[in-house]
2 protein chains.
Amino acid sequence: MTNEELLGITALNSWKLVLGRFDQNLAVLTDEQLQKQVAPGKNRLLYLLGHLTAVHDRMLPMLGIGERLHPELDETYITSPDRALPDPLSAFDLRKAWGEVNGKLTDAFERFTAADWLEKHTAVSDEDFARDPTRNRLAVVMSRTNHASFHSGQAILAK
Amino acid sequence: MTNEELLGITALNSWKLVLGRFDQNLAVLTDEQLQKQVAPGKNRLLYLLGHLTAVHDRMLPMLGIGERLHPELDETYITSPDRALPDPLSAFDLRKAWGEVNGKLTDAFERFTAADWLEKHTAVSDEDFARDPTRNRLAVVMSRTNHASFHSGQAILAK
């Protein structure tokens, strides 16, 4: 294995590790428990799940992997604060959407070569990318991995 | 720049971005505010700062960068839960330690080549590393970056 291949695989492992831990915690929560807030007056666990699902769904077109699967989540879980709008999906369907989105992303990442990781994402212009080649797909995935860790830290407080 | 150099730099950016955001939030908190708990009955902000400082300090020998700077933090901030032991440093000195430790790490990372990132860390045996070469320094740094994000998500709740 070349250095560049190994670097890509190491980065992908980090994504899988963070999502795997999140899913382990999610699996032991009932749908009722997902209505709990992470702290008094803060977001519900269900909101965090919807938020992460919507943000990850946006990566599909952003990384050139495919069309969005769940654009209906954005208004409730990205644009609006928790409880401003009714939940568009049941907890059951949201768990399913979360699994589908991450499955599709991870399948694509597994096939990425080092050169694929270093391609520009669609939210950066050719000009900006020429100036700063670190605005690549790997940067997006690492940023989303950190974002998932950030909200995992909050979700764990509801335990 | 080669692909492998660019992958290393992209990963390092993620570490710097997460710490930079944490530091921005830390800078606007008074020492008194660091005594606040992130949620009722949960860790104080000062405990999280001590915990992250101790965990990052441990990376110095783990990644072959140097001796530990603050081993005195482990008992209070790694081995024990919050408030079990008195804080060994003032908030002022803990902030200073946090900056020193991260400065020393980041300076070393800035000089890492792709091959350096892929070296084994000292907490894995030669045998295990031969079996799984993803147990390298990059994996440690990405894991600690996610760990810092995890606690950043908690710290933000105290706002």
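Labels below follow one simple rule: chain letters A, B, ... track the order of the sequence lines, proteins then strands, and each chain is numbered from 1.
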Is it the case that the side chain of A:Thr79 and the backbone of A:Asp74 share a donor-acceptor pair, with hydrogens and angles ignored and the cut-off at 3.5 Å? yes
Within the distance-only criterion (no hydrogens, no angle test), does the side chain of B:Asp57 pair as donor or acceptor with the backbone N or O of B:Leu69 below 3.5 angstrom?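 Checked: pair present.
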From B:Leu73 atom CG to B:Thr53 atom OG1, the distance as rounded to the nearest 0.5 Å: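 So the CG of B:Leu73 and the OG1 of B:Thr53 are separated by 6.5 Å.
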Pick from B:Val38, B:Leu7, B:Thr134: which one has the most heavy-atom pairs with chain A under 4.5 Å?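 Option with the top pair count is B:Leu7.
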Using a cut-off of under 4.5 Å on heavy-atom pairs, state which of B:Ile9, B:Thr145, B:Thr2 scores highest against chain A. B:Thr145
Side chain, backbone, both or neither of B:Ser143 within contact of chain A (heavy atoms, under 4.5 Å): neither
Would you mind checking which part of B:Asn13 comes under 4.5 Å of any heavy atom in chain A, side chain (CB onward), backbone (N, CA, C, O), both or neither?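 Just its side chain gets close to chain A.
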Under the side-chain contact (heavy atoms from CB on, under 4.5 Å) rule, what do B:Leu19 and B:His56 come out as? Steps first, then yes or no, please. CA-CA 11 Å; B:Leu19 294 189; B:His56 288 197; 3.8 Å; yes
B:Arg44 and side chain to side chain donor-acceptor pair (under 3.5 Å): which single residue from B:Gln35, B:Gln37, B:Gln33 fits? B:Gln35
Please answer: with hydrophobic residues joined when any side-chain heavy atoms are less than 4.5 Å apart, are A:Val18 and B:Val55 in the same cluster? no
Below 4.5 Å, heavy-atom pairs only: which of A:Gly41, A:Pro133, A:Ala139 has the largest tally toward chain B? A:Pro133
Which of the residues A:Ala39, A:Ala155, A:Ser14, A:Ala148 is involved in the greatest number of heavy-atom pairs with chain B at under 4.5 angstrom?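 Maximum pair count with chain B is reached by A:Ser14.
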Just checking, is any N or O donor in the side chain of A:Ser152 or A:Asn25 under 3.5 Å from an acceptor N or O on the other one?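 A:Asn25 and A:Ser152 do not have a side-chain donor-acceptor pair below 3.5 Å.
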With no hydrogens and no angle check, just 3.5 Å: does a side-chain donor-acceptor pair link B:Asn136 and A:Thr10? yes
Using a heavy-atom distance cut-off of less than 4.5 Å, which residues of residues 97-126 of chain B contact chain A? B:Ala114, B:Ala115, B:Trp117, B:Leu118
Determine the interplanar angle of the B:Tyr47 and B:His51 rings, folded into 0 to 90°, and report it as parallel if under 30°, tilted if 30 to 60°, perpendicular if over 60°. parallel
